[in-house]
Each structure stands twice: as C-alpha cells, then as structure tokens.
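Because the structure is predicted, anything quoted here is derived from the model rather than measured. Residues take their numbers from the sequence shown, with the count starting at 1.
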Amino acid sequence: MSFSFNFDVELTTKGQQGEESKPQTGKQDYAAKPVPGNNTTPAETVKAAVEHHPPADPHFLLNDAVSETVTIGTLPPLHFLNESVFEQTASERDDNERILSRTAAQSSDLISGVYEGGLKVWECTYDLLELLEREGETFGGKMVLDLGCGAGLLGLLALKSGASQVHFQDYNSTVIEQLTLPNALLNCQVEGEEEEEEKGRKGKKRGLQEEDDEPIIEEDKMKKDEEAKSDEEKKNEQKKEGEDGSPSPKRQALDPSQHTKLTCCRFFSGDWITFLALVLKEDLFPKYDIIFTSETIYNTAYYSALHDTLHRLLAPRGVVYLATKAHYFGVGGGLHLFEQFIEDKGVFDMEKLWDVDQGLQRHVVAMHFKTTNKS
C-alpha cells in the first residue's frame with residue numbers, strides 16, 4: 001500500500017505551479033483545543049441551514065491557490081488547498097462568520113457552537129480513506145453524503161469514483177465557501193486537464209507510426225517541425241485557439257455548466273437539525289446509500305441531532321462510515337459514549353472495522369439499520 005501524505009512514509013506535495021514542497025514524515029495527532037472555559041453546550045443553539053451554489057464565474061476561487069495531493073494505494077489522487085497557506089492568507093478571505101479571525105486570535109481548533117473544526121483535515125479522515133482502499137468500497141451509481149465534511153476529501157473520493165450524487169455538509173458557511181467548494185473545483189479542474197493530456201497523448205500515438213519499426217523517426221520529425229516554427233507562428237496559433245469563442249479546456253473544467261461531475265454535487269452549511277429539515281422539504285428526496293462522518297462525535301451535546309440525521313437520511317440498506325478518536329480530551333465525547341448512545345436508541349447496529357493504535361487511539365466503525373428498523 002502506497003501513501004503520499006504525512007503518515008509514516010514520505011509526503012511529496014506539489015503546488016499549483018508544480019513546485020515540490022519539502023517531504024514530511026511522521027503522522028501527527030491533534031486533540032481539539034477548546035477555548036478556555038468552554039463546555040460541551042453549544043454557544044449558538046441554531047445555525048440555519050443554507051445551500052451554497054458554485055458561483056457563475058468560479059475561477060476567482062482558485063486564483064493564486066496552492067494545493068497539495070494525497071494518494072493512498074489505488075485510490076484516485078485527491079487535491080485540496082494547502083492548510084498552511086490557507087491559514088496564512090486567512091485575512092484576505094471572505095468570512096462573514098468571522099471564524100478565521102476568531103480561531104487565530106484564540107489559538108483554537110474548535111469553538112463549540114461557533115466553529116466546529118472544519119478548516120483542518122483531521123487524521124481520522126485519512127484512517128477512513130485507508131480503510132476504504134483496503135476494503136475496496138465501490139461508489140458507482142450511489143448517493144453519498146459527506147456529513148461534517150470540512151475539506152471534503154471523503155466526498156471527493158466518492159465523486160471521483162463514480163457516485164451518482166455527492167452532497168457535502170459542514171456547520172460553517174465559511175468552510176463550505178472557502179474550502180470545500182474550491183477543493184471540489186480543484187479536483188474537477190485537475191481531472192479535466194488530465195483528460196485533455198490523455199487525449200493529446202492518444203492522438204499523438206495514433207500518428208506516430210504506420211510501420212512498427214519507425215516510431216522514433218516520426219517522433220523526431222514532429223519535434224523538429226515544432227522547433228522550426230517561428231515565435232510569430234506560435235503566437236498566431238495561440239491566438240486562434242480562442243477566436244471561436246470557446247473556452248479553454250481549463251476554463252471548461254472550472255465551469256459548473258460544462259463539468260458533469262460538479263453538477264452531481266450539492267453543498268450545505270448549518271447545524272444538523274436545520275440541515276435535516278431543509279433537505280426533507282424536497283419532494284421525493286432520495287436517501288443516501290453511504291454517509292461518511294469523520295471526527296464528529298467529540299461533543300455529547302450533538303449526539304441526538306447526529307443520530308436523527310443519520311436515521312432519517314440513510315437508505316434502508318445503506319451504511320454509515322464513522323471515523324473517530326477513542327476519546328476527545330477537553331470536549332468530553334468519544335467512541336465509548338457514542339456506542340452507548342446508539343445502543344440505547346436501538347436503531348443501528350455498530351461494527352468495528354479498524355482499531356488504530358498509533359498516537360491517540362482511533363477507530364473506524366460501520367453502522368447499519370437493525371433488521372427491524374429500516375425506515
């Protein structure tokens with residue numbers, strides 16, 4: 001199994017311009033850092049759910065963006081905005097909730113009821129990605145929800161693996177607008193560019209040889225012809241590319257109306273109670289075959305809302321994948337307490353899939369409806 005992230009092997013990331021950053025080794029564990037005096041009671045009891053749509057001209061979302069890539073085994077590469085650069089440019093970003101300035105001022109990864117940690121990619125997300133690769137989970141034609149999505153890596157995996165629809169939900173609108181949506185656009189852009197490159201390679205290959213023994217001669221001829229072009233000829237060719245009014249492949253990849261995968265996505269912010277109410281307003285709203293939720297059971301005050309959301313939105317034969325730490329120091333939740341809550345409710349069966357003993361103990365579990373509770 002191969003990795004290229006900050007697990008126990010080297011990570012090599014590339015910025016948008018292709019510059020390699022310094023490899024890192026060693027997996028880090030983060031415990032949530034609550035504001036001093038914080039308790040498990042949310043500061044704001046309701047954050048109204050809102051659906052966010054990609055802007056008509058989404059290009060500005062990726063202006064000067066620096067991205068990195070995580071690749072786990074045979075999974076498709078997942079691209080996302082570099083966390084360090086994102087933090088350094090926080091003051092330049094739109095933030096109606098003021099969570100960027102508040103988390104920086106208070107040196108906190110979590111302000112209960114105000115900011116729920118969505119700007120950081122937490123390590124349990126990588127545990128779940130690894131398990132999905134190992135177990136060979138398939139997504140073709142399935143409807144998927146990434147609940148408490150943050151950067152959206154789990155939903156993006158489903159999107160790039162053939163899911164029919166992928167919905168992303170996070171508590172904070174700033175997270176959706178400044179991180180999740182750009183990451184979705186970034187993956188569509190890169191995939192569009194990769195497709196164009198592949199088409200170019202195939203087209204070049206077809207013209208390389210009519211006789212099997214002369215491919216190198218033909219390739220050399222093409223190179224020489226290209227080198228022989230004057231600078232003026234090259235400029236004229238570039239000018240002609242846009243004269244018909246059609247967008248470049250990169251612009252097509254970024255344009256939501258031109259990219260079918262992005263049209264399969266929906267983006268929501270708000271607390272789970274109002275999110276549930278919002279989606280259930282829709283006539284014949286389909287239920288989800290797979291619900292991902294990672295690092296969302298740190299606060300026992302949210303267990304009831306989370307359980308109701310899973311109960312109402314999971315398809316009868318669907319599965320919930322939950323990745324979590326055994327215990328969240330400073331905020332009180334953890335797997336044991338959530339297991340007890342689930343058992344008391346009597347709606348779901350819970351199956352442990354993987355116990356991770358590196359650093360803080362972590363777990364990946366699956367939840368299915370009990371056979372007498374499929375609605």
Side-chain angles (χ1 to χ4, degrees), residues 28-47 108-118 120-128 131 145-150 154 169-172 270-276 288 290-314 318-370 372-373:
Q28 300 180 19
D29 282 296
Y30 299 93
K33 301 176 186 174
V35 177
N38 237 16
N39 57 36
T40 57
T41 303
E44 300 174 6
T45 55
V46 173
K47 184 179 284 290
S108 175
D109 295 326
L110 176 66
I111 306 174
S112 185
V114 177
Y115 164 62
E116 299 293 345
K120 180 184 290 293
V121 182
W122 299 87
E123 59 270 31
C124 286
T125 296
Y126 299 111
D127 295 337
L128 183 45
L131 179 121
L145 171 65
D146 191 344
L147 191 67
C149 61
L154 296 166
Q169 180 277 338
D170 196 89
Y171 184 79
N172 292 105
D271 66 55
W272 290 325
I273 295 173
T274 60
F275 165 66
L276 177 61
Y288 298 102
I290 296 174
I291 298 178
F292 293 127
T293 190
S294 177
E295 307 254 21
T296 53
I297 61 170
Y298 53 85
N299 191 332
T300 57
Y302 300 147
Y303 285 5
S304 181
L306 175 59
H307 182 275
D308 289 348
T309 301
L310 299 177
H311 186 186
R312 299 292 298 278
L313 295 184
L314 186 66
V319 57
V320 177
Y321 285 107
L322 165 67
T324 179
K325 293 184 178 70
H327 182 72
Y328 288 89
F329 299 96
V331 281
L335 182 59
H336 177 71
L337 290 174
F338 190 67
E339 277 183 304
Q340 188 61 55
F341 184 91
I342 292 297
E343 186 176 335
D344 292 345
K345 287 290 186 180
V347 174
F348 293 103
D349 285 321
M350 183 179 287
E351 174 189 3
K352 283 190 178 180
L353 302 178
W354 188 24
D355 297 325
V356 185
D357 293 322
Q358 301 169 359
L360 297 175
Q361 190 175 42
R362 306 186 303 276
H363 307 276
V364 180
V365 302
M367 295 168 55
H368 303 83
F369 283 119
K370 290 180 179 291
T372 55
N373 291 281

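Using a 4.5 Å heavy-atom cutoff, the side chains of Thr300 and Tyr328 are not in contact. For the pair Val364/Leu322, no side-chain contact is recorded, criterion being any heavy-atom separation below 4.5 Å from C-beta on. With contacts defined as side-chain heavy-atom distances shorter than 4.5 Å, the pair Leu131/Tyr126 does not qualify. Tyr302 places none of its side-chain heavy atoms less than 4.5 Å from the side chain of Thr296.
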Only pairs under 3.5 Å count here: list side-chain donor-acceptor contacts from residues 337-356, not counting sequence neighbours, and write none if there are none.
from   : atom 1 : to     : atom 2 : distance (Å)
Gln340 : NE2    : Asp344 : OD1    : 3.0
Asp349 : OD1    : Lys370 : NZ     : 2.8
Asp355 : OD1    : His363 : ND1    : 2.6

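The backbone N or O of Ala305 sits less than 3.5 Å from a side-chain atom of Thr309, completing a donor-acceptor pair. Judged by distance alone, the side chain of Gln169 and the main-chain N or O of Phe275 form no donor-acceptor pair under 3.5 Å.
Among Leu154, Val121, Asp127, Leu147, the single residue meeting the side chain to side chain contact (heavy atoms under 4.5 Å, CB included) criterion with Ser294 is Leu154.
Taking 4.0 Å as the cut-off between side-chain N and carboxylate O, Glu295 and Lys325 count as a salt-bridged pair.
Rounding to the nearest 0.5 angstrom, the gap separating the CG atom in Asp357 from the CZ atom in Arg362 is 9.0 Å. The distance from the CG atom of Asp308 to the CH2 atom of Trp272 is 11.5 Å, given to the nearest 0.5 Å. For the atom pair CZ of Phe292 and CG of Leu128, the computed distance is 6.0 Å after rounding to the nearest 0.5 Å.
Closest approach of Val319 and Ala366 over heavy atoms only: CG2-CB, 4.0 Å.
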